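Worksheet: one structure, shown below.
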Amino acid sequence: MYISDSWNERWAEGFSLSFYYSHLPEALISFLSFIIPISAFKLVVIIRTWLLILLPISFFWGARILGFPTGFGLIFSFFSQAIFTDGLYGLDSSSFLWRGWGLISQLLALFFLPLAFAYGINYLKNRKNLGKAIIFNFLLTQAHFGIFYLLLFAYPIFWILYLDSWKKTGKRILIFLSLTIVSLAYFVLPFFLTSKYRNFSLWDPIWKFNSWGLNQILIWLANSDLFDFARFPFLTIFVIGGLFWSLISRNKINRYLVSLLGLYFILFVGRDILGPLVNFIPGMSEYHLHRVIVMVQFVGLLIASDFLYSIILKIMNAQSHFFHKKRHLRILKYLFVAILIILISVSIYLIEKPVINYAKDNDTWIKRSNIDYQKNINDYQSIVNSIKKLPPARVYAGRPGNWGRDFKIGDTQIYMALSNDGFPIIGFLPQSWSPNSDAEQFFNEENPSHYDLYNVGYLVLPSNKKPPRFAKLILKKGRFSLYKVDSEGWFTIGKSSLAVMTKKTNLVNITHLWFYSPMFTNRDYPVIALNNEKFTFVDRIIKMSGQNEYDDNKNIWKENPLFTNQEKFEQSLINKVEKKLTQGYSVNFKLKSQCQNCVLILKQTFHPNWRFTVNGKNQKSFPVFPFFSAIQLNNPGEYVIIATYYPSNVKTILLILGSAILVFVFAFKKILL
């Protein structure tokens, strides 16, 4: 069951990313790479290419399922390829092809989005295709939960607007949403129920959570950047024209689409309009609202397609009537058709021109990057091979905010390349969901204690960069230098004299203070009590009421609770031997004397799915600063401790239940209908 729930050692101190992130398509790709002679990376490229090729078919198919004519579907599928922005994370090609972005999960979700939406509405409206509606919404969720979550808003809006049959539609929507969510329960319920162990990062740009605001989005709409970056605003005109066309239309689907676009537009504007009201929408308080652009563009293209199709129908009807009255003007009819073809061809060229220019630029940069890559790959591979022969530890090769940003092979940062090659990295955060993400930003590359804290055993530096004074050169090849740094290993012993009762959002500042306090120097790791647990072995407890306030409105900057007089910590692990396991670590050691308030710390991000055994007996773990896993350990003696990440039993049961629901729907769909 590690496919549905596993621990990722490479990033953010071993965060259990797959517990929270949609990942089954990626797991399937990885599995295929073991049974066919193609690497996982090449498989991703092949799948991405085919998704881009087949994407218009999905849009066309979705339009036909919704009941729109063939001509509408052709326009909708063309618009799905014609839309273009300046990298706003929407559904245009730059989101999927720009070097370093490559939103493969969103691309896969976009492939399923028209089908999930169309079959969902088709069932609610016509009581057809319940099984297909559930399966395509399920597939959409597996590709990208965030896109599915946004789509969920579309179904209740449909029900509200069809009040003439609200009982029938209400029953259908209850059946549809209940079965869909139950089929996804293995992912949805743990995601929300254990959200306290998923970080809400203060280091992410504020626009990710709050979106861009009304002023900026109106500017983008007015200068056509939301649909037509760097070209004549064809799509923007059709979207705006379609809005007015749909408002005066008597067609309920048209009015529904306008209502839906209005809802998504408000969500896309973000907290600039909604303010704290966003927090009352389940799951939205931590949602990246700027990503709502996907649904704004998707619904906008539906409206634009309907408007253009209506215009074409009127023109065709008008010319048919005209030439029917004047049969002898056949030459003019052919001339009209020829002019129409020329106008369409010119329009397509103008629409696609910035996309073509983008592709040319991207191709030029990729070729330049590949030349640099080939020039340096042998030197880089020598560094990689050397690290593989050394005892396992984390590797530091800079970060996006310092010299690491420009330290590359080809056009890939070294910290990203090393992570791709299987090494646990510090400084590279493809996701900021780990509770260690924010604290990791306090890592000081000139402080040996910080290397020991995170078990950073190796440094990869540019050859022209001066290393820290305590780093020892192992190998220098070309532009790359590999250094060794002393570190105690994955396990260490310390004490916990303080428990901090807090919410996850109030941890960052007091953790920052800890890095520069006597407690850090003295190996005193405060316990983190996210559930208001009582830890009897600590000397004192403080309760954070905000990011800077604790207890009776005391301020951590004025009355720092971490600056206390302490006895020097003298304990150590004798004869320690560590081993790396498939899903964890083991350690053998001897504790020489009685140890008050002592804790054994595993330098991996805490999660309830970690299980510790001490000499064969289970022992409960808990989080300590910065957000590591720890167990209490006081008595002298010989110890064998095994720490293993186990998939959640609840998640496993829910996965089996969800699979049974899918089978039930297809077996007994007539009863449900």
Side-chain angles (χ1 to χ4, degrees), residues 2 5-23 26 100 105 190-191 194-205 208-209 286 288 392-402 404-405 413-445 450-460 487 489-492 504-505 507-508 511-512 514-515 525 528 530 580 583-585 601-610 621-630 643 645:
Y2 285 114
D5 175 13
S6 62
W7 147 73
N8 189 328
E9 183 188 24
R10 298 187 194 182
W11 304 328
E13 290 66 61
F15 181 57
S16 51
L17 182 63
S18 64
F19 187 90
Y20 296 101
Y21 200 85
S22 307
H23 65 282
E26 288 80 0
S105 295
F191 181 89
T194 60
S195 65
K196 61 173 67 70
Y197 306 112
R198 187 185 70 245
N199 186 48
F200 178 72
S201 178
L202 300 176
W203 294 99
D204 279 333
K208 283 193 173 184
F209 296 103
E286 299 180 21
H288 286 180
R394 291 195 177 97
V395 185
Y396 179 64
R399 65 178 73 189
N402 64 12
R405 178 179 58 252
Q413 282 81 8
I414 296 302
Y415 53 71
M416 193 182 298
L418 289 169
S419 174
N420 184 65
D421 287 329
F423 298 106
I425 294 293
I426 185 171
F428 172 45
L429 296 174
Q431 287 289 345
S432 58
W433 277 357
S434 169
N436 269 306
S437 298
D438 287 2
E440 189 181 304
Q441 307 311 307
F442 307 133
F443 175 79
N444 182 350
E445 62 187 52
H450 286 202
Y451 287 83
D452 186 47
L453 172 69
Y454 287 107
N455 191 27
V456 178
Y458 308 106
L459 269 169
V460 179
S487 173
W490 297 111
F491 291 89
T492 190
K504 65 179 183 180
T505 50
L507 263 174
V508 62
T511 304
H512 192 186
W514 175 73
F515 271 80
Y525 298 78
I528 301 169
L530 292 175
K580 173 71 175 65
Q583 284 292 325
Y585 304 89
I601 296 156
L602 172 63
K603 300 172 184 179
Q604 299 289 341
T605 299
F606 173 82
H607 194 274
N609 289 358
W610 278 99
S621 62
F622 46 85
V624 296
F625 278 32
F627 209 94
F628 288 158
S629 299
Y645 185 91

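Remember, it's a predicted structure, so these values are computed and weren't measured experimentally. Positions are given from 1, in the same order as the sequence printed here.
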What distance separates [X] [atom1] from [Y] [atom2], expressed to the nearest 0.5 Å?
X      : Y      : atom1 : atom2 : result
Tyr21  : Gln431 : OH    : CD    : 5.0 Å
Leu507 : Asp438 : CG    : CG    : 9.5 Å
Trp610 : Ser629 : CH2   : OG    : 6.5 Å
Ser621 : Ile601 : OG    : CD1   : 12.5 Å
Glu286 : Thr505 : CD    : OG1   : 8.5 Å
Ser487 : His450 : OG    : NE2   : 13.0 Å

For the backbone of [Y] and the side chain of [X], can you confirm whether one donor and one acceptor N or O come within less than 3.5 Å of each other?
X      : Y      : answer
Asn436 : Phe627 : yes
Arg405 : Pro400 : yes
Lys504 : Arg198 : yes
Thr605 : Glu13  : yes
Tyr20  : Thr194 : yes

Examine the side chains of [X] and [Y] and answer whether a donor and an acceptor come within less than 3.5 Å of each other.
X      : Y      : value
Trp11  : Ser434 : no
Ser432 : Asp204 : yes
Ser105 : Glu26  : yes

| query | ring-ring contact (aromatic ring centres under 6.0 Å, His included) between Tyr451 and Phe443: does it pass, once the steps are laid out? | reply | CA-CA 8 Å; Tyr451 287 83; Phe443 175 79; 5.0 Å; yes
[Y] and [X] aromatic ring geometry - parallel, tilted or perpendicular at 30°/60° bounds:
X      : Y      : result
Phe491 : Tyr585 : perpendicular
Tyr454 : Phe515 : parallel
His607 : Tyr645 : tilted

Locate the shortest heavy-atom distance separating [X] from [Y]; write the atom from each residue and the value.
X      : Y      : value
Ile414 : Ala397 : CG2-CB, 4.0 Å
Pro392 : Asn455 : O-ND2, 4.4 Å
Val456 : Ile426 : CG2-CG2, 3.6 Å
Pro190 : Phe19  : CB-CZ, 3.5 Å
Tyr458 : Ala393 : CE1-CB, 3.8 Å

| query | Salt bridge or not for Asp452 and Lys603, using N-O below 4.0 Å? | reply |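 Salt bridge flag = yes for Lys603 with Asp452.
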| request: Applying side chain to side chain contact (heavy atoms under 4.5 Å, CB included), run through Glu440 and Arg399 and close with a yes or a no. | output: CA-CA 11 Å; Glu440 189 181 304; Arg399 65 178 73 189; 5.7 Å; no
State, with a plain yes or no, whether a side-chain heavy atom of [X] is found less than 4.5 Å away from one of [Y].
X      : Y      : result
His288 : Phe209 : yes
Val508 : Phe200 : no
Phe15  : Asn8   : no
Pro626 : Leu453 : yes

| task | Just jot down the side chain to side chain donor-acceptor pair (under 3.5 Å) partners of Thr511, sequence neighbours excluded, or say none. | result |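 Expected list: none.
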| Going through the checks in order, is the side chain to side chain contact (heavy atoms under 4.5 Å, CB included) test met by Thr492 and Tyr525? | CA-CA 11 Å; Thr492 190; Tyr525 298 78; 3.9 Å; yes
| message | Could you go through Leu602 and Trp490, starting from their C-alpha distance and side-chain angles, then the distance that decides it, and tell me whether this counts as side chain to side chain contact (heavy atoms under 4.5 Å, CB included)? | response | CA-CA 6 Å; Leu602 172 63; Trp490 297 111; 4.2 Å; yes
| request: Show your reasoning for whether ring-ring contact (aromatic ring centres under 6.0 Å, His included) applies to Tyr197 and Phe606. | output: CA-CA 8 Å; Tyr197 306 112; Phe606 173 82; 5.6 Å; yes
| request: Apply the test side chain to side chain contact (heavy atoms under 4.5 Å, CB included) to residues Leu17 and His23: give CA-CA distance (whole Å), side-chain angles for both, the deciding distance (0.1 Å), then the verdict. | output: CA-CA 9 Å; Leu17 182 63; His23 65 282; over 6 Å; no
